[in-house]
Amino acid sequence: MRITELLKRESIELGVALSSKEDAIDKLTGLMEAGGRLHDRAGYKEGILAREALGSTAVGDGIAIPHAKVAAVKEPGLAAVTVPKGVDYDAFDGSMANLLFMIAAPAGGADVHLDALARLSTLLMTPGFKDNLIHASDKDEFLKIIDEAETAKYGEAEGKDSDDSKAKGSQGQDKASKGGEETGYRLLAVTACPTGIAHTYMAAENLENTAKKMGIALKAETDGSGGAQNVLTREEIARAEAIIVAADREIEMARFDGKPVLQVPVADGIHKAEQLIEKAVSGQVPVYRHAGGGEGGSVSSGSGDSAGRKIYKHLMNGVSHMLPFVIGGGLLIALAFLFDDYSIDPSNFGKNTPLAAYLKTIGEQAFGMMLPVLSGYIAMSIADRPGLAVGFVSGTVAKMGMTFACPEGGAVNAGFLGALFAGFAGGYLVLGLKKAFSKLPKSLEGIKPVLLYPVLGILLGAVVTTFINPYMGMINDGLTGFLNGMGGASRVVLGMILGGMMSIDMGGPFNKASYVFGTAQLAEGNFEVMAAVMAGGMVPPIAIGLCTVLFRKKFTRKECQSGIVNFIMGLSFITEGAIPFAASDPLRIIPSCAIGAAVAGGLSMAFGCTLRAPHGGIFVLPTIGNPAGYLLAVLIGAVVGCGILGLLRKELKEEER
């Protein structure tokens with residue numbers, strides 16, 4: 001598939017005037033929809049905003065490539081605009097974006113489009129290509145420039161493998177010679193971005209281009225959405241002086257054991273290629289030592305993180321894998337109560353009818369996997385694949401409440417805290433085993449991952465978790481008792497704190513901490529906490545949407561249009577819908593929304609609202625205890641947030657709107 005097959009004329013607009021990043025996203029999503037690429041424009045935009053929340057997709061030098069791979073995409077496609085006067089897209093170098101390509105990739109399905117997207121990302125790093133597109137006189141010329149550049153670099157063949165093309169056209173393919181013998185590449189690189197669509201290939205191309213200018217042979221492996229391409233061989237790794245790993249997600253690192261490895265964010269591969277290459281050949285790059293001496297596994301780049309940052313990453317790895325089980329299982333349990341008949345047998349509510357019993361059983365099984373999954377993926381984040389089984393079993397031991405006095409379980413309620421401890425304990429135990437076994441003969445290397453780590457790791461992890469379970473149970477029971485014993489005023493304060501935290505960073509650490517606490521208390525039967533958390537999370541987008549309606553003169557026309565979408569996101573409990581507004585005016589929007597969210601959380605507690613589902617927003621209203629009070633809490637919180645924001649925002653001049 002060629003680039004021009006993904007880019008329809010209906011999805012191109014030249015010479016556009018855009019006032020903001022939000023305006024640019026609206027324009028491009030509209031063009032993408034005009035090209036017939038989307039099932040759901042709002043869902044696709046949500047994916048775009050979620051990717052932007054990880055960091056701006058502006059790559060500097062006047063280029064931005066917003067992208068998303070989500071279920072809202074019907075078929076892969078591109079949209080493009082040129083902006084002669086530029087638009088501020090939060091570029092690292094402060095440059096205004098003049099050329100913007102938006103990428104839509106469907107979640108799942110065939111990835112035949114990925115080569116074309118990789119080619120586009122690569123061509124954008126080619127000198128002159130961007131300027132030619134910006135100055136194109138019409139859409140036909142725009143498409144012709146792309147087609148000719150792609151043909152010149154990759155040839156005419158449609159089915160041609162981009163790996164082979166890249167190998168032929170790569171800018172770092174000069175072979176160094178020594179004594180008449182080929183010694184291979186002086187430097188190697190691996191690039192990977194969170195979505196594996198655009199930045200992965202741009203970083204690789206820029207590293208290779210820069211290396212060629214410096215007279216250095218460099219080969220870059222791209223770990224993209226369609227899998228690794230231009231893969232580094234063992235021989236190349238053995239001969240290379242150093243390896244540059246420019247990645248924002250986990251990649252295979254064990255193969256680099258004993259080699260100098262420079263680990264940086266993928267953005268540095270695009271923006272700081274020359275500095276990276278200079279450092280890589282300086283001889284001052286630290287030697288990478290893979291835990292366990294070379295077993296398979298992957299680790300995150302960024303090994304230079306602080307201890308606190310590493311712990312947070314490990315925790316978030318467990319939480320991100322846990323949430324689908326929590327949300328899926330929790331919603332099914334909530335539906336079981338919705339479809340059941342309480343009058344049949346109040347003591348068996350949730351399983352009185354066949355449908356309710358089926359839903360609740362499935363939901364309980366999914367929800368019950370929450371703790372082992374949390375522990376398993378925390379341990380895996382710490383110790384790679386050998387830690388997964390150890391973490392799963394340790395988490396199960398915590399869930400069972402095993403003690404040495406009661407091996408069959410049920411003696412204590414270690415709960416979420418026990419599973420949390422089990423995950424970290426299991427991961428670091430495996431790291432200790434790897435270190436202990438690192439001096440074994442190489443002939444025994446093969447039995448480590450299949451025998452030594454599973455057997456000893458699972459046993460030791462279970463023993464440590466069993467030992468600590470009583471203490472975790474005491475803490476957990478104490479916390480539960482404290483919450484249950486809270487009076488009205490104390491519970492309101494707790495609700496205000498949790499609700500406010502949901503709005504402070506809208507998807508960041510505070511938001512996640514509040515949400516995880518809510519789901520943990522949901523498992524303990526404290527349904528009021530989850531209700532307060534969701535109420536607080538619903539307020540920011542609704543408050544902003546309400547403000548764009550009541551104070552229209554204080555927002556641009558595009559912001560007012562986006563306000564409607566914010567109502568939908570807020571009612572769906574998607575706090576991230578407020579991020580674009582918060583990013584453009586954080587000093588006014590974040591405090592306003594946080595106060596409104598705190599009010600909603602506190603009122604939810606005051607009204608005695610309960611929630612058995614961990615997500616769903618207004619769509620799970622029938623499962624909420626005191627639904628009228630809950631809606632009132634959210635409405636009052638949104639009005640408070642809207643009122644404060646309306647007072648803080650200044651009215652825009654006519655030309656600014």
Side-chain angles (χ1 to χ4, degrees), residues 11-34 41-42 44-53 55-68 79-103 130 133-136 142 506 540-541 543-567 569 576-590 592-593 642 645-646 648-657:
S11 297
I12 303 172
E13 194 164 333
L14 307 180
V16 179
L18 299 173
S19 60
S20 65
K21 181 177 181 178
E22 175 69 18
D23 196 8
I25 291 174
D26 281 341
K27 169 63 71 174
L28 285 162
T29 53
L31 290 172
M32 192 70 76
E33 185 178 44
R41 179 177 173 181
Y44 174 64
K45 182 180 177 181
E46 181 185 334
I48 291 291
L49 295 176
R51 173 60 185 89
E52 293 296 330
S56 175
T57 52
V59 296
D61 196 30
I63 300 172
I65 313 179
H67 52 273
V81 296
T82 60
V83 190
K85 293 185 179 180
V87 59
D88 186 358
Y89 210 87
D90 298 332
F92 82 102
D93 59 357
S95 66
M96 304 290 278
N98 305 108
L99 177 64
L100 297 93
F101 278 96
M102 180 171 276
I103 298 172
K130 179 199 75 171
L133 290 176
I134 291 174
H135 295 106
F142 190 89
M506 304 174 191
I544 291 171
L546 191 60
C547 203
T548 60
V549 173
L550 299 179
F551 302 95
R552 297 185 68 85
K553 293 184 179 181
K554 298 189 176 187
F555 296 87
T556 66
R557 189 182 317 125
K558 290 296 181 182
E559 286 175 331
C560 290
Q561 293 172 353
S562 299
I564 305 301
V565 178
N566 262 30
F567 278 117
M569 289 188 172
E576 288 83 354
I579 288 176
F581 288 86
S584 64
D585 190 10
L587 294 180
R588 294 181 179 89
I589 287 180
I590 292 177
S592 304
C593 290
C642 167
L645 181 56
L648 294 178
R649 293 273 290 199
K650 295 181 179 179
E651 190 170 306
L652 300 179
K653 297 178 181 177
E654 186 66 33
E655 59 271 18
E656 293 177 323
R657 287 179 293 199

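Worth knowing before you read on, the calculation uses all heavy atoms, side chains too, and leaves out hydrogens, waters and symmetry mates.
Across every non-hydrogen atom of Asp23 and Leu18, the tightest pair is OD2-CA, 3.6 Å. What you find for Cys642 and Leu550 is that their closest heavy atoms are SG-CD1, 4.0 Å. Contact between Ala64 and Ala97 at its shortest, heavy atoms only, is CB-CB, 4.3 Å. Scanning both residues, Ser95 and Gly62, for their nearest heavy atoms gives OG-N, 3.4 Å. Of all non-hydrogen atoms in Leu31 and Ala79, the two that sit nearest each other are CB-CB, 4.0 Å. Residues Arg41 and Glu33 approach most closely at CD-OE1, 3.3 Å, considering heavy atoms.
In this structure, CZ in Arg649 is found 9.5 Å from OG in Ser592, a value given to the nearest 0.5 Å. Between the CG atom in Leu133 and the CD1 atom in Ile63 there is a gap of 9.0 Å [rounded to 0.5 Å]. To the nearest 0.5 Å, the span separating CG on Leu14 from OG1 on Thr82 amounts to 4.5 Å. Interatomic distance, CD1 of Ile48 versus CD1 of Ile25, reported as 7.0 Å (0.5 Å rounding). Note that CE of Met96 is 11.0 Å distant from NZ of Lys85, once rounded to the nearest 0.5 Å. Remark: Leu28 CG to Tyr44 OH distance equals 8.0 Å, nearest 0.5 Å.
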- prompt: Which is it for Leu100 and Val87 under the side-chain contact (heavy atoms from CB on, under 4.5 Å) test, yes or no, and what are the steps along the way?
  reply: CA-CA 10 Å; Leu100 297 93; Val87 59; 4.2 Å; yes

side-chain contact (heavy atoms from CB on, under 4.5 Å) assessment of Glu13 paired with Phe142: CA-CA 10 Å; Glu13 194 164 333; Phe142 190 89; over 6 Å; no

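Side-chain contact between Asp88 and Lys21: absent, with no pair of heavy atoms (C-beta onward) separated by less than 4.5 Å.
Asp26 is linked by a salt bridge (charged side-chain N to carboxylate O under 4.0 Å, His left out) to Lys45, counting only residues two or more places apart in sequence or in another chain.
Looking only at distances, a side-chain donor or acceptor of Arg588 sits under 3.5 Å from a matching main-chain atom of Leu648.
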